[in-house]
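Before any comments, here is the structure.
For reference, positions follow the sequence shown, starting with 1. Start at 1 and go down the list; that is how both ligands and their atoms are numbered. The figures here come from the full heavy-atom set of this structure, side chains too, leaving out hydrogens, waters and symmetry mates. Model, not experiment: these values are computed from the prediction.
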Amino acid sequence: MINFEAFFKLSYGLYVVAAGDKSSGNAYIANTAFQVTAEPPQIAICCNKDNYTSGFIQKSKQFSISILEENASSDTIGKFGFKSGKDTNKFEGSNVIYGETGCPIVLDDSIAYLECELVSTHDVGTHTIFIGKIKNAELLNADKEPITYANYRRIRKGLAPKNAPTYVDKSKITQPSTKTDFAKYKCNVCGYVYDESESGVKFGDLPADWHCPVCGADKEEFSLVQ
Ligand code: FE
């Protein structure tokens with residue numbers, strides 16, 4: 001038998017993988033990136049075949065990996081992780097540079113990046129594994145820790161922290177009288193569910209600028225779960 005809960009004990013990071021050139025390109029968030037050899041320095045990423053960035057990697061034969069910091073913003077995660085480059089230009093409004101290889105590199109919330117030249121491609125069914133030889137690597141911030149996928153899943157499922165502008169002081173909000181008053185609202189962008197019974201705060205009482213803690217979508221993007 002396969003207990004899928006066991007899979008959650010695997011640890012991963014969270015990375016922005018970018019490919020293309022100055023005329024066109026895209027980036028997405030990956031949690032699968034790992035070094036495969038030290039000499040030469042090579043790294044592998046696993047990319048869904050439907051992923052828009054996949055085509056740019058195959059065409060340009062290179063890709064970059066930006067390592068996200070522990071407190072990466074929902075805006076960055078939402079933009080690169082939950083929106084498709086087929087519908088939106090993800091580089092617009094982002095801090096993107098072009099590296100030594102000419103590959104786009106996303107610097108938003110990044111603490112280091114690697115530029116890679118594609119050396120092999122492996123078809124694994126739904127996904128493609130790309131192996132790249134590292135041509136350039138830069139450390140942007142030595143003091144900040146990288147985000148882990150486990151932290152992202154655990155921490156981002158809550159309300160905004162106390163020091164955030166969107167923090168809600170529960171004591172100042174009228175509490176619903178019975179448990180049956182509680183409802184759930186689902187983010188149409190990423191699927192995150194806001195459960196009033198967990199937070200004790202009615203969705204309607206959240207401030208207008210409250211946003212999805214996972215992907216950064218506005219309140220208007222939420223629908224009542226029937
Ligand atoms: Fe969301």
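For residues 77-106, the set of pairs meeting the ring-ring contact (aromatic ring centres under 6.0 Å, His included) definition, not counting sequence neighbours, is empty.
Under the 3.5 Å distance criterion, the side-chain polar atoms of E196 are matched with a main-chain donor or acceptor of A183.
Aromatic ring centroids of Y28 and Y52 lie 6.0 Å or more apart.
In this view, D109 and S73, T76 satisfy the side chain to side chain donor-acceptor pair (under 3.5 Å) rule, not counting sequence neighbours.
The hydrophobic cluster around F34 extends to V36, V119, V124, I129, I131, counting ILVMFWY residues whose side-chain heavy atoms fall within less than 4.5 Å of a member.
Heavy-atom contacts from other residues, nucleotides or ligands closer than 6.0 Å to NZ of K22 number 12 or fewer.
Sorted by chain and number, the protein atoms of type N, O or S within less than 2.8 Å of the Fe ion (ligand 1) are C187 SG, C190 SG, C212 SG, C215 SG.
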